[in-house]
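Here is the structure we will look at.
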Amino acid sequence: MSTPEVAARELTYGEAVREAIAEEMRRDPRVFLIGEDVAEAGHPFKVLTGLVQEFGTKRIIDTPISEPGYAGIGVGAAMTGMRPIVDVMFGDFITLAMDQIVNQAAKVHYMSGGKLKVPIVFRTTLGATRRSAAQHSQSLHAWVSHIPGLKVALPSGPYEAKGLMKTAIRDDSPVVIFEDKMMYRTKGPVPAEDYTIPFGVAEVKRAGTDITIVATSSMVGVALGAAKLLEEIGIGAEVIDPRTTYPLDKQAMIDSAKKTSRALVVDEGYERYGVTAEIASAIAEGAFYHLDAPVKRIGAMDVPVPFSPVLEDLTVPSERTVFETAKALCRKA
Amino acid sequence: MSTPEVAARELTYGEAVREAIAEEMRRDPRVFLIGEDVAEAGHPFKVLTGLVQEFGTKRIIDTPISEPGYAGIGVGAAMTGMRPIVDVMFGDFITLAMDQIVNQAAKVHYMSGGKLKVPIVFRTTLGATRRSAAQHSQSLHAWVSHIPGLKVALPSGPYEAKGLMKTAIRDDSPVVIFEDKMMYRTKGPVPAEDYTIPFGVAEVKRAGTDITIVATSSMVGVALGAAKLLEEIGIGAEVIDPRTTYPLDKQAMIDSAKKTSRALVVDEGYERYGVTAEIASAIAEGAFYHLDAPVKRIGAMDVPVPFSPVLEDLTVPSERTVFETAKALCRKA
Amino acid sequence: MTTRAIEPRMELEANLHMYRQMAKIRAFDEQVNELYKSAKMPGLAHLYIGEEAVAVGVCEALRRDDLITSTHRGHGHCLAKGAAVNRMFAELLGKEPGYCRGKGGSMHIADPETGNLGANAIVGGSAGIATGAALSAKMRGTDQVAVCFFGDGALGQGLLYEVMNMAALWRLPVIYLCENNLYGEYTPCGETIAGDILARPRALGVHAESVDGQDVQAVHATMRRLVERARRGEGPAFLECKTYRYYGHHVGDVNREYRTREEEREWMSKHDPLETLASRLTTQGLADAGVFERILTDVKAEIDGGVQFALAAPYPEPNEVDQDVYA
Amino acid sequence: MTTRAIEPRMELEANLHMYRQMAKIRAFDEQVNELYKSAKMPGLAHLYIGEEAVAVGVCEALRRDDLITSTHRGHGHCLAKGAAVNRMFAELLGKEPGYCRGKGGSMHIADPETGNLGANAIVGGSAGIATGAALSAKMRGTDQVAVCFFGDGALGQGLLYEVMNMAALWRLPVIYLCENNLYGEYTPCGETIAGDILARPRALGVHAESVDGQDVQAVHATMRRLVERARRGEGPAFLECKTYRYYGHHVGDVNREYRTREEEREWMSKHDPLETLASRLTTQGLADAGVFERILTDVKAEIDGGVQFALAAPYPEPNEVDQDVYA
Ligand SMILES: Cc1ncc(C[n+]2csc(CCOP(=O)(O)OP(=O)(O)O)c2C)c(N)n1
Ligand SMILES: Cc1ncc(C[n+]2csc(CCOP(=O)(O)OP(=O)(O)O)c2C)c(N)n1
Ligand SMILES: [Mg+2]
Ligand SMILES: [Mg+2]
């Protein structure tokens, strides 16, 4: 269940996603995928290349540019015995399908007194610095994390991309999975054999005793980079990846913070009312009597993502900012 | 700028909203209102009764049931010299218009390098216990509070309903204002003369020295009720209403918590990744060295709002829960 | 099963069954109104009275395993598809034996056993669900048909056009059933619908027809054709049923200033679905007044029993509040 | 102003002006492709090459104070409405003198001074904005017309139908300008559009026509009619322009496996908008090859100057990053 120690085989993040979907589609004939340019085109990010050749256009379904419509179609199919993966090309476009995701998919099971199920996966992206500007760069996972009835997964690398996708597909509840679009070509060890990653179990990516850095998705790599810099100045950072924002493994993060006495939370969503707020306040509450300094948060800058590279790069948390903030935190108290 | 001491005149919350809109429409011919059943019907909650008689159907515009469409029309009108108020009947329906609110209204000013402006007000509702079930009872203000480019106001009473609406209408940026639908018939003092309430300035609704209770919208009344109960057992609670979640008057809340050494945040949105997380983590960070107990949060229970009254009432924060939580907090340390 | 020709006696029985179903819906919603007026029902409800011929004509053309999605004005759809009166009332009162254990209420009644995927409080919100159910039926290789009920108001929702387009592209077995009762809440539909209703689905490649929604036989006959067509794989259809709600938008809407009493009388006196069917069968010498009276008496007993059941039923336990959030 | 009959000489000038505008757009986007290939431009861009007659034919029928909304494939619209080449390039490079101070980039160029309310990276996302601009024009009592550019792909977005319905109900001066270039990204539009394109607006009460989008004179003449119609208060219109993009979906789409090279050659050789106009004017004896060469030389100079300006221009200061979030 944790990252394998011997790297038998390396895949890119994109390949890991594709392998997870392909394996689950082979295993379970109820699984299908629906979205824009997913079939012959294999998705604009090329993540799905080859799937239509294996599974045909009946199970890899190209749609018109109708996010609300095909999201709703996914919900209906999920309620009646299928297990759809609904592909929303950019995370920014979930804005168009929020009624179907939030008022329908998330609530049907509860509203029906538990009789109807909606085993659906919404797969979409997050992450800036692709020079795509304000409507193609958002990380909106805080929204769906807020909604009872949804589960939310944020794979931080190829291993997680495969394992969390498989868990998502097998889950009987709606899951929204955000892939970091800047990481599709990142390589990492991915077992060829079947495995899943349990939801709600954080992983310690790096052990340390001086400060806890909780980081999600794209920010795990940033945090690990910062941890290296911190090590050079004698600060041992423990880096924790919650892997799912709901269910959220609060205890793991609280326990770590109790041990280190300091905590920093890093996430690529807008900082204000973002995922960092929930995690930071959970740690601040749960580890209150053990903290030597306030819990700090770093999210994306609270601005629409600018196009100009010189500005865009300023908006996302960097190794440098994480390093500086952690260093300052460790000086305190 | 603060609640007037002498109550010259009482209005209901609904009347206060109507008066604000009417006054602003008289003052500025660019202001108009658009939404479903807003004209002859005067809105299902009757808040707008009489406006069409005064301003006509050219300025109080009934639309088809097309939330995305008329939200977008509002954005276009705002960009070209008008100042629309876009009426979204239930807060749950903003799910349908999120692209227009978030990807368009919120970003146009920034994306255009500051050249285009979108002076628009989205007015909608929050609040449960109306026995309307899961799709008509949500308090989704955390979502828009998360988005740079939007301002968010949460009037907690008639005085605020009028003053914040007027400020919203005069603001050159998009504002989302959530009215508590259970409060429309609540009465309170409202000056007849023109006044506005500045955004980003919290109000101390009740002074106290033992614990800070930050409460929003509908929860201000609940917190004040709990404060009375606390007083009976000798605990002096300071109740603070931020009035806007963005801009957020962090300093006022931090200063209060520094004084009282304890803080509790209450809001009617889902607790998880909700507004309470941002506020609690801001206080926990800003007042860190003064706190005698962890900052606690109470939001709505993390479940789709159930229909059955016996269940629904359990999901919203009550005077009793706030009282018990505050009491327990004050015992600690 | 629904294709074979119906014998005359069977036909009479089928017609009397439709009458009974319509009478049940009417009596049910009259009782709902009473529950509201006597403050025994939490919240509001949208009465189906006046529109009974639509739900019954449609659902009698469906198999039990065919699927429907319903609306905020959904009691008629649920009952016509086979829901039991007692559990319906229990749901409306927020009681534990209700179809959704009291968690859904009037606007969310779902009953998978009778193929009811649920009412929906978002106008037009179920158009995707019904279309997805049809896609699912096709993928699973069943010959189920899905019916999406919605009001004229839902014609304002873009989602409907998105999914009709896909249903046409993929020849899905789904029928878009528009209950045009002339008003969306308090606004006449002439103020909200430009152009031509039937031209809309047709422009998207969806076969479209219109029928007198007060004539249960006409609705039923039309639906049988459209359902068979869909079952044969000939693709989606759109059926506009012209109808009228006798009461207000919801139980609390009693003044109804947006329409005239004359208009209401006209519909009630000349286009009542129960009257229309009863007088036709009587004129044809197939039934007499006694037959209908007996049905009404039966129905009344069923309704009375149902409401007593619901009133006596327990509320869900408090600990149910956070159950069934996740499957 | 646009209504009065055009004199023969003026007509030639107008035609040469349109030729020049088309040539400018083509040269601009060829240069954009070069900037991409030489890794001088951040991100991607969607080239308008092949579709120039649409933007130019449309915008030449508009006044400067008429309003447009544009798309992800928007360079042509911006230039045709009057944007300057140098500030366009600067925006594409994320430079400070760009139309949006580098904050918008290729997909968000806005220029209120020429009536351009902005490109939009959400497919169909500006349909509401254009309709609202038309409502605003009507409320403010101007006789401005709004034009909403969008691709065939946007026909999938429900929003479009919602706003066309309202535009028809309220007789708004808005023209929905569908650039049908046969593909949405990598999918042929036959796989995504059921039924009939023109029947869609018509069903919503919106006047609709179709025109050869490679013939700038035809586009222009049709638009003049539709614009006058809208200005006179006769309501919205929908114009389908059949066109073709010569390059891929974006600059990085070079293989174009979803379509054949034959199809591309056919369009380029037989339906090129610049060729079509030039050969028509030549055949009519109104201009000779030299005229067009001179225009192309001029245009090249303008483009060269523009790109030099942009390459030399400064980036915005870092402290701009959080400016203009709020007005
Ligand atoms: C998306 C959405 N917008 C608005 C509403 C509020 N609302 C509830 S019913 C209704 C009118 C529906 O009219 P119609 O579809 O004709 O159904 P009818 O009530 O006439 O049966 C409205 C506007 C809603 N429930 N959902
Ligand atoms: C709502 C939304 N969905 C998907 C996309 C991704 N996308 C960008 S352009 C495009 C195709 C648009 O096709 P069309 O409207 O025909 O315009 P064209 O590119 O052919 O000019 C898609 C799917 C998007 N930008 N917005
Ligand atoms: Mg209706
Ligand atoms: Mg196209």
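All values reported here derive from a predicted model rather than from experimental measurement. In the text below, chain A, chain B and the rest are named by the order of the sequence lines, each starting its count at 1.
Seen from the ring of F307(B), K95(C) does not count as a face-on cation partner, given the 6.0 Å and 45° thresholds.
F93(B) touches chain C through its side chain: at least one heavy atom from C-beta onward sits under 4.5 Å away, while N, CA, C and O do not. With a threshold of 4.5 angstrom between heavy atoms, D313(B) does not approach chain C through any atom at all. Contact annotation for D324(C): neither backbone nor side-chain heavy atoms come within less than 4.5 Å of a heavy atom of chain B. Only the backbone of L93(C) comes within less than 4.5 Å of a heavy atom in chain B; its side chain stays farther off. In this structure, the portion of E317(C) lying under 4.5 Å from any heavy atom of chain B is its backbone and not its side chain. Of the atoms belonging to T95(B), not a single heavy atom falls under 4.5 Å from chain C. For chain B, the nearby part of L92(C) is the backbone; its heavy atoms alone come within less than 4.5 Å.
By number of non-hydrogen pairs under 4.5 angstrom with chain C, the leading residue of D37(B), D62(B), V303(B) is D37(B). Considering only heavy-atom pairs separated by less than 4.5 Å from chain B, the leading option among L44(C), V325(C), I122(C), D253(C) is I122(C). The most heavy-atom pairs under 4.5 Å with chain B, out of G43(C), G105(C), S106(C), P42(C), come from P42(C). Taking chain B as the reference chain and counting heavy-atom pairs below 4.5 Å, the highest number among G104(C), A154(C), G125(C) is found for G104(C). For chain B, the option among E91(C), K103(C), H250(C) with the highest count of heavy-atom pairs below 4.5 Å is K103(C).
The two residues H136(B) and A121(C) make their nearest non-hydrogen contact at CE1-O, 3.0 Å. When all heavy atoms are compared, the tightest approach of L311(B) to V321(C) is O-CG2, 3.8 Å. Closest non-hydrogen pair, S132(B) versus M107(C), comes out as O-CE, 3.7 Å.
Taking 4.5 Å as the limit, every side-chain heavy atom of M41(C) sits out of range of all side-chain heavy atoms of R131(B). Contact of the P64(B) side chain with the L155(C) side chain is not registered, since no non-hydrogen atoms from C-beta on lie closer than 4.5 Å. Using a 4.5 Å cut-off on side-chain heavy atoms (C-beta onward), M89(B) and E185(C) make contact. Looking only at side-chain heavy atoms (C-beta outward), Q135(B) and N120(C) come within less than 4.5 Å of each other.
Note: E36(B) CD to T187(C) OG1 = 8.5 Å, rounded to the nearest 0.5 Å. In this structure, CZ in R101(C) is found 11.0 Å from OG in S308(B), a value given to the nearest 0.5 Å. With values rounded to the nearest 0.5 angstrom, N319(C) atom CG is found 10.0 Å from L314(B) atom CG.
Around the CD atom of E113(C), the shell of radius 6.0 Å holds no more than 12 heavy atoms that belong to other residues, nucleotides or ligands. In R259(C), the CZ atom is crowded: over 12 heavy atoms of neighbouring residues, nucleotides or ligands sit closer than 6.0 Å. K46(B) NZ: more than 12 foreign heavy atoms inside a 6.0 Å radius.
Without hydrogens or angle criteria, S66(B) side chain to Q157(C) main chain gives no donor-acceptor distance under 3.5 Å.
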